[in-house]
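Before any comments, here is the structure.
Values in this document were obtained by computation on a predicted structure and should not be read as measured data. Order of appearance sets the numbers: ligands from 1, and atoms from 1 within every ligand.
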Amino acid sequence: MNPQRPLVVVGGGVAGMAVALAAAPMPVQWLCRSRHGDGTASILAQGGIAAALGAGDSAADHVADTLAAGADHNNAAMVRWLCTQAPAAIDWLVSLGVKFDRDARGHLQLGREGGHRASRIVHAGGDATGAEVTRAMYRKLGEDPRVHCREGVDVDALLLRGGRVCGVRVLGADGAEEIEASAVVLATGGIGAAFARTSTPCGADGSGLALGMRAGAAVRDLEFMQFHPTALDIRDRHTLPLITEALRGAGANLVDTSGSSLMRGVHAQGDLAPRDVVARRVWRALHEGRGAWLDARRVEGDWQLRFPTVLAACLAHGIDPRRERIPVTPAAHFHMGGLSTDLDGSTTVPGLYAVGETACNGVHGANRLASNSLLEGVLCGRRLGRLLSRLPQVQPRGAHAWRERGDALPEAMQRELRNLLWQAAGPVRDESGLRNAMLGCAAWQQHGWQARLAHALLAAARQRRESLGAHYRSDDVRSPAAATPLAGAS
Ligand code: SIN
């Protein structure tokens, strides 16, 4: 590779870091809005990393659970690869210095989360897995002389030459700068922050997805947005602290205000049913005025060790989860859709790659299984980094053109748009809600890229008339339960 043209990796989460680390010996320009990984969804990840490591567990069972959660909409070959490679991903992270939680004999502790029929989730720092993985990977990158890290910058345009992406425009404190690249990887995370209630950071706004779309990259499965059932229900807040599913794995239960179980009789796996099932149940309970609470008072052990992040978030809002129930709400959590890629991360535009939540390689299907996201970020990031390090340098020729993301909507419009998406394209959707939201969005499209992105998502949701995975249409006539109206839905 020509050292004059580095690989440009955009995004500060684990997927981007894994690409940068694995791309050796290529020089890398690593560009992120965040600093030290702060402000990424990765660093917030509480659930851990799924890997079939326990006695009696197997990659085949991990595959089966991933396909079941994904409603068999997954790319099965990719799922098999992911689940088979998962133990090696844990080994790699250990080699980077990640300190996973272990028992007294030094064996990895394996927890359980929704949709998994076995205990196969490794954690670090209790519910601080993402923070620990980010810390170790970030430190490793800082030691790597190949990697030039630029933090606090935004990439707002892609340079194409002869139809091939070969550079970026970077906006930083010193103004705009153009960087020529051998290839560009978008690893900018998901779009949770496009919704009024989200467990993701506000930077998960779909900026990379919007940029890729402007460059002409195909998208896929945009309608599949996962809603986490249990974010801390703080009134009038956009980004909400997550209340990890691992608490339900440790015995916590969802109840209504009167204390009746929300999940009894709903699904064979009860409180640990797949995430979309639980999220809809919580959504429904809230719309019916029953209230939704997580009762974690029976959870055993030291909360400071097991769930320090949840404990701190609850205490900061005047709730002691060891003694009282936690008010919960669904929240936009993970986008299964994104820039359409092949299994290696190539988009449909030469020179442009995508990985992690920005990409859709089909591995998560219609609904991601818990704790498969850090896993995907690490494994697919490594796979892509290695691939790029082996590719011969292509000298782009032909006319050059900049593809810009464009202006952002004014903040007040963004707020309105987030509410619109939450109501129309939240955990429960129907034709009239989607149609009206699209009309509202269409008028805003000229004002900012967020409206164009929302319009594309609404169009995809409208096109898929039948419920599948996290995409739930209450007007899908195939399911009698789906037709039950939500009392007081607004
Ligand atoms: C959680 O901790 O509940 C979320 C884990 C995940 O998104 O996989």
Side-chain angles (χ1 to χ4, degrees), residues 13-15 40-51 62 65-66 69-70 82-83 86 89-90 101 109-116 119-134 189-192 198-201 204 224-232 239-254 263 269 271-279 282 294 296 299 303 306-314 321 326 328-336 356-357 363-365 367-379 469-470:
V14 299
T40 64
S42 296
I43 205 168
L44 296 182
Q46 295 179 15
I49 303 181
H62 188 182
D65 289 348
T66 301
L82 187 90
C83 297
I90 303 296
D101 296 340
Q109 286 178 341
L110 299 175
R112 196 161 160 218
E113 286 170 13
H116 290 273
S119 293
R120 64 166 75 99
I121 319 294
V122 296
H123 286 94
D127 60 9
T129 311
E132 169 62 6
V133 171
T134 301
I191 61 163
T198 182
S199 62
T200 65
F224 293 114
M225 184 72 210
Q226 180 175 86
F227 297 91
H228 197 288
T230 58
L232 183 60
T239 59
L240 303 169
L242 187 73
I243 306 297
T244 180
E245 204 156 274
L247 272 166
R248 278 176 279 133
N253 302 108
L254 282 160
M263 293 310 298
Q269 285 173 276
D271 283 277
L272 289 174
R275 211 167 262 180
D276 62 306
V277 177
V278 187
V282 172
L294 187 71
V299 169
W303 275 71
R306 296 188 75 190
F307 301 106
T309 314
V310 171
L311 181 64
C314 289
I326 308 168
V328 290
T329 172
H333 185 61
F334 187 90
H335 197 202
M336 279 70 69
E357 206 176 335
V363 74
H364 301 304
N367 196 15
R368 174 177 64 78
L369 183 65
S371 286
N372 270 356
S373 59
L374 289 177
L375 178 65
E376 187 217 350
V378 166
L379 279 175

Legend entry - Contacts of type ring pair (Phe, Tyr, Trp, His ring centres under 6.0 Å), residue His335, not counting sequence neighbours: none
Legend entry - side chain to side chain contact (heavy atoms under 4.5 Å, CB included) against Ala124, all qualifying residues, sequence neighbours excluded: Phe100, Thr129, Glu132
Legend entry - Nearest-0.5 Å distance, CG of residue Leu232 to CD1 of residue Ile243: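 Interatomic distance, Leu232 CG to Ile243 CD1, rounded to 0.5 Å: 4.5 Å.
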Inset, instruction - Mind checking salt bridge (charged side-chain N to carboxylate O under 4.0 Å, His left out) for Asp65 and listing every partner two or more places apart, or none if nothing turns up? - result: Arg117, Arg120
Legend entry - Near-ring test His364/Phe334, centroid separation under 6.0 angstrom: yes
Inset, instruction - Anything with a heavy atom under 4.0 Å from ligand 1 counts, so go ahead and list those protein residues by chain and number. - result: Gln46, Gly47, His228, Leu242, Thr244, Glu245, Arg275, His333, Arg368, Ala370, Ser371
Inset, instruction - Before giving the answer on side-chain hydrogen bond (donor to acceptor under 3.5 Å, both in side chains), spell out for Gln46 and Thr309 the whole-Å C-alpha distance, their side-chain angles and the decisive distance to 0.1 Å. - result: CA-CA 8 Å; Gln46 295 179 15; Thr309 314; 5.3 Å; no
